[in-house]
Number of protein chains: 2
Amino acid sequence: MQLKNHVEWALHCCSVLAALPEDERIPAKLLAELHGIPREYLSKALQALSSAGIISGTLGPTGGYKLARAPGRITFLDIVEAVEGKGRTFVCTEIRDNMPCAEKPPAKGKTRRPCAVARVMYDADKAWRSHLQSVTLADLAKTVEKEVPLRVLKGNAEWLAAKRNA
Amino acid sequence: MQLKNHVEWALHCCSVLAALPEDERIPAKLLAELHGIPREYLSKALQALSSAGIISGTLGPTGGYKLARAPGRITFLDIVEAVEGKGRTFVCTEIRDNMPCAEKPPAKGKTRRPCAVARVMYDADKAWRSHLQSVTLADLAKTVEKEVPLRVLKGNAEWLAAKRNA
DNA sequence: CTTATTACGGATATTTATTATCCGTATTTA
DNA sequence: TAAATACGGATAATAAATATCCGTAATAAG
């Protein structure tokens, strides 16, 4: 079981967008080139982020993407769920119903308490999501700023600016 | 992203084995029939559990599987990792190295601190595993005993006994 | 000793998910 | 009007999950 690499791409792209001056934008093409990842395929991830309301895209030349709200109000969970879906990592297929002496499955429309096995897995899933929800893009930016050499940060920012004005 | 259903099967099979009297065994064939799942494919999951030292299989007629140690010493994490692998759900492909102005990747043999994005994902992964590790098969058995009707429990046990003596 | 039953492991097929590309449309700036 | 962009649909390529088959070795029972 593995998250798709859309997740990694989306997180890194959002990290870049979080460092962007207000009212500036970066087109998908540049985000792809910056990270050395396939442009067309990255677009799908960005579109997912956009339709989830995390980033906002504008058309036309000078168009591109920017964060749709403040970095402090975007969590890792928001991004992961936008790209990966909100479905749980463990899916219960109710194999208890297949046992020779099983309780009757609930009537259509009615629900039943999940089985004990599923509940443990769901709780673990919840712990995972809970941690992702506790970290925002603002937190990430603070960490990056602290541990990535200024030379690297400035270098990449300048590369972006140069490309956008070319 | 979704766990394979080997995980669900393995957990339910271990749950059944945990309720088994000491020194009794259940063959893969019966475990599959009991849960209504494909026998040959379930075997792969059981073999994974076996080679991880969670269950132990014996050959020959009257052979089959039993837990390799006490239910209180087998955690959900043990089972999940046995069938799903110990690999992390998030894999970092180090796309930071692709940036135009990147730090040099470490020399072969040397390591580097994972990037800030990866660390958050790793911590979430750790939270997930930590919860799975906190629940044992003994805990599960206690819950099952409390909430599954006695009629169902006895019915399935009798079905098993009858099949094994047939 | 023979036979039936079992775990185990290798090989292979089938199905589904992920990864990736291509292209047409609508929108916007210059 | 032309160039650049996001967006969405369609499709292809690759990898992973799901499933089956079969040969081998071990073991209990007749």
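By convention in this document, chain letters (A, B, ...) are assigned in the order of the sequence lines, proteins followed by strands, and residues within each chain are numbered from 1. All of these numbers come straight from a predicted model, not from anything done at the bench.
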Out of dA28(D), dA30(C), dT19(C), minimum distance to the side chain of Thr62(A) belongs to dA30(C)
Are any of the side-chain nitrogens in Arg119(A) or Asp123(A) under 4.0 Å away from the carboxylate oxygens of its partner?
-> no
Spacing of Lys4(A) atom NZ relative to dT14(D) atom C1', expressed in whole Å | 15 Å
Whole-Å distance separating the NZ atom of Lys163(B) from the P atom of dT5(C) | 13 Å
Side-chain contact check for Glu40(B): nearest option of dA17(D), dT29(C), dC22(D) is dC22(D)
Which of dT18(C), dA20(C), dT28(C) is nearest the side chain of Pro61(A)? It is dT28(C)
Leu46(A) or Met1(A): which one's nearest nucleotide on DNA chain D is closer to the 5' end?
-> Leu46(A)
Out of dT29(C), dC22(C), dT5(D), whichever nucleotide has its closest atom nearest the side chain of Lys29(A) = dT5(D)
Distance in angstrom units between Ile37(A) CD1 and dT19(C) P, rounded | 12 Å
Gln47(B) atom CD is separated from dC22(D) atom P, nearest whole Å, by 17 Å
His35(A) side chain to Leu31(A) main-chain N or O, any donor-acceptor pair under 3.5 Å?
-> yes
Phosphate OP1/OP2 of dC7(D) contacted by Ser50(A) side-chain N/O (<4.0 Å) = yes
Would you mind telling me which of dA19(D), dG10(C), dT21(C) lies closest to the side-chain atoms of Lys44(B)?
-> dG10(C)
Greater than 12 external heavy atoms within 6.0 Å of Glu94(B)'s CD | yes
Winner on side-chain proximity to Leu59(B), out of dT29(C), dT20(D), dA26(D), is dA26(D)
Specify whether Phe90(B) and Tyr122(B) have parallel, tilted or perpendicular ring planes, treating 30° as the upper limit for parallel and 60° as the lower limit for perpendicular.
-> perpendicular
Can you tell me the distance, in whole Å, between the CG atom of Leu42(A) and the C1' atom of dA6(D)?
-> 12 Å
